[in-house]
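Working notes, beginning with the structure itself.
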Amino acid sequence: MKLLMLFSKKETLNQFGTLLITFGVISGIFALLSGEGAEEFAFQNWGQGLHDQVDLHSFFANISIILFGILAIFKLLFKHSILSWNGSGYKQINKGFISTVIVFLSISGIVSLAITGDLGGKLVYENDNILIDKTTK
């Protein structure tokens, strides 16, 4: 019951969400690095015909990491007061504007990530160059 009460607080949920986004960005960076190896594998085994599809998938993967990275930075700096923006020579930051930017980055990141996943799925499952052994059922 105490655990449920802990996570029912708005600030706790906000902090947990920021933690998830931050770890998501870190793991996404590793996914991008492993994707570079997969790109080489695809070209060697399936030919250069996939080049445009792989480039588009890679583009949206990079955009997703950039959007979620900026989102994590905005949340850490502005929502969790890591830096003292008031009284330190900085102008008062409009919290409504920051919240709008965070929502925009969140929605944009989700859309970009969905496109990345769709393109990756099409690369693997709708590619005529991939030979699948259908006799091993």
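Values below: every heavy atom of this structure, side chains too, minus hydrogens, waters and symmetry copies. What you see is a predicted model, and the numbers here were worked out from it, not measured in a lab.
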With a 4.5 Å cut-off on side-chain heavy atoms, are [Y] and [X] touching?
X   : Y   : result
D55 : E39 : yes
F68 : L71 : yes
I70 : F74 : yes

**Q.** Closest non-hydrogen atom pair, G109 against L67
**A.**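 The answer is N-CD1, 3.7 Å.
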
Q: Check L32 against A61 and note the closest heavy-atom contact, atom names and distance.
A: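 Scanning both residues completely, I find the closest heavy atoms to be CD2-CB, 3.6 Å.
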
Rounded to the nearest 0.5 Å, what separation is found between the [atom1] atom of [X] and the [atom2] atom of [Y]?
X    : Y    : atom1 : atom2 : value
L20  : Q15  : CG    : CD    : 12.0 Å
L113 : I110 : CG    : CD1   : 8.5 Å
S112 : N62  : OG    : CG    : 9.0 Å
I21  : S106 : CD1   : OG    : 5.5 Å
K75  : L19  : NZ    : CG    : 11.0 Å
I66  : S108 : CD1   : OG    : 12.5 Å

Got a donor-acceptor contact below 3.5 angstrom from the [X] side chain to the [Y] backbone?
X    : Y    : result
H57  : L119 : no
D118 : A114 : no
T116 : F60  : yes
S27  : F23  : yes

Q: Report yes or no: do I65 and F104 belong to one cluster of Ile/Leu/Val/Met/Phe/Trp/Tyr joined by side chain heavy-atom distances under 4.5 Å?
A: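 As far as the 4.5 Å side-chain criterion goes, F104 and I65 are not connected within one cluster.
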
